Amino acid sequence: MAVPEQYLQTTKNLESFFNSLLNAQAPSKFTNKFLEQLEFKSTNDRLFIGILKMLGFIDSNGIPQEIYFHFLDQTQSKAILADAIKNAYSDLFNINIKANEMSSGEVKNKLKTLTQGTKTDNILGLMANTFTALCKYADFTSTNIIPYQNTENYSQEEFQENPNKFTQELISKKISTEMHYNIQIHLPETRDISVYDAIFKSLKEHLL
């Protein structure tokens, strides 16, 4: 079994770091220079880049990924982070579905089992502290998370002309069975009840 090997030497700046991301425009590439622009200039702060890669916020080259941009939406930032933590530490959550509620000591013991003695006691402690600090900042109670995929806007005319096409395009998007999706439908303003009937009939046939 594998667990993320990225960890922080200290977690005292973790909350400030994520808050800084929320108040800054995403860079074209996340580098040490950009980190310094956020006022995180110490050697230990550079470890935040590894944490972002581990969470899937940036790729191996430092390029921001879609989840990064969803995180910038402050109405769902902490829920997005929680989802990223579950994905990154999936083996830990397989052992305990409420791993985010465990103490640092409990996490350390679980990591010791998962790493099968390949990590020193000190490293295990840093890994556990990093995980619990991330979980403390994140929000694991929210289920209203926007999927990491592009959405489209549909005009009233498009609804009326082809509601079946609208429904099929929703279904054709890749949906992960590990995520809960909240599909919001903005119904067109119309006095023609047949438009609504067509929309809900199509939804019933393809989604329910």
Side-chain angles (χ1 to χ4, degrees), residues 3-90 92-93 98-101 127 129-155 166 169-170 172-186:
V3 292
E5 297 189 359
Q6 292 84 353
Y7 57 85
L8 300 171
Q9 290 288 346
T10 174
T11 60
K12 67 178 183 179
N13 291 332
L14 185 142
E15 182 175 353
S16 296
F17 171 69
F18 279 110
N19 287 340
S20 295
L21 294 186
L22 293 175
N23 293 311
Q25 182 177 348
S28 57
K29 185 175 183 178
F30 205 109
T31 62
N32 288 332
K33 182 178 180 180
F34 180 72
L35 193 63
E36 291 176 358
Q37 291 174 355
L38 296 177
E39 299 300 324
F40 294 93
K41 302 178 180 180
S42 74
T43 302
N44 286 337
D45 289 335
R46 295 181 180 180
L47 297 175
F48 282 124
I49 295 179
I51 296 299
L52 292 181
K53 290 179 179 180
M54 177 263 290
L55 293 171
F57 278 42
I58 58 177
D59 65 15
S60 59
N61 295 315
I63 308 301
Q65 302 299 290
E66 191 167 0
I67 183 176
Y68 188 132
F69 300 106
H70 282 287
F71 173 79
L72 295 181
D73 176 358
Q74 296 189 29
T75 64
Q76 61 173 2
S77 299
K78 293 187 176 183
I80 289 291
L81 179 59
D83 195 62
I85 293 171
K86 288 181 180 180
N87 288 333
Y89 292 90
S90 58
L92 195 54
F93 280 92
K98 294 185 178 181
N100 55 290
E101 298 179 4
M127 292 171 65
N129 289 340
T130 299
F131 173 79
T132 53
L134 285 168
C135 290
K136 183 179 180 181
Y137 183 85
D139 177 11
F140 288 84
T141 63
S142 177
T143 58
N144 186 23
I145 303 176
I146 297 175
Y148 310 149
Q149 58 188 26
N150 294 326
T151 57
E152 298 180 58
N153 294 320
Y154 294 85
S155 68
F166 157 73
E169 289 187 10
L170 280 177
S172 66
K173 294 181 182 296
K174 294 181 179 179
I175 298 178
S176 168
T177 57
E178 298 179 355
M179 296 181 65
H180 298 281
Y181 282 71
N182 176 30
I183 299 175
Q184 298 183 11
I185 302 171
H186 298 280

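Heads up: numbering here begins at 1 and tracks the sequence. Worth knowing before you read on, the calculation uses all heavy atoms, side chains too, and leaves out hydrogens, waters and symmetry mates. Treat the numbers as computed from the prediction; the structure is a model and nothing was measured.
Side-chain contact between Lys86 and Phe140: present, with at least one pair of heavy atoms (C-beta onward) separated by less than 4.5 Å. Residues Leu81 and Phe57 meet the side-chain proximity criterion, which asks for heavy atoms closer than 4.5 Å. Side-chain contact between Ile85 and Phe131 is present, with at least one heavy-atom pair separated by less than 4.5 Å. Residues Thr130 and Gln6 are not in side-chain contact: their nearest non-hydrogen atoms beyond the backbone lie 4.5 Å or more apart. For the pair Phe71 and Pro64, the minimum side-chain heavy-atom distance is 4.5 Å or more. Taking 4.5 Å as the limit, some side-chain heavy atom of Leu134 sits within range of a side-chain heavy atom of Leu14.
Of all heavy-atom pairs between Ala24 and Leu38, the closest is CB-CD2, 3.7 Å.
Between the OG1 atom of Thr10 and the CG atom of Leu47 there is a distance of 10.5 Å, given to the nearest 0.5 Å. Distance check: Lys12 NZ to Asn129 CG gives 14.0 Å after rounding to the nearest 0.5 Å. Of the inter-residue distances, the one linking Asp59 atom CG with Leu52 atom CG reads 11.5 Å to the nearest 0.5 angstrom. Note that CG of Asn100 is 9.0 Å distant from NZ of Lys98, once rounded to the nearest 0.5 Å.
Judged by distance alone, the side chain of Ser77 and the main-chain N or O of Asp73 form a donor-acceptor pair under 3.5 Å. A donor-acceptor pair under 3.5 Å links the side-chain atoms of Gln65 to the main chain of Ile63, judged by distance alone.
Using the six-membered ring where Trp is involved, Phe17 and Phe48 have ring planes that are parallel, under 30° apart on the 30 and 60° scheme.
Screening residues 16-44 for side chain to side chain donor-acceptor pair (under 3.5 Å), with sequence neighbours left out, gives Asn19-Tyr137, Ser42-Asp45.
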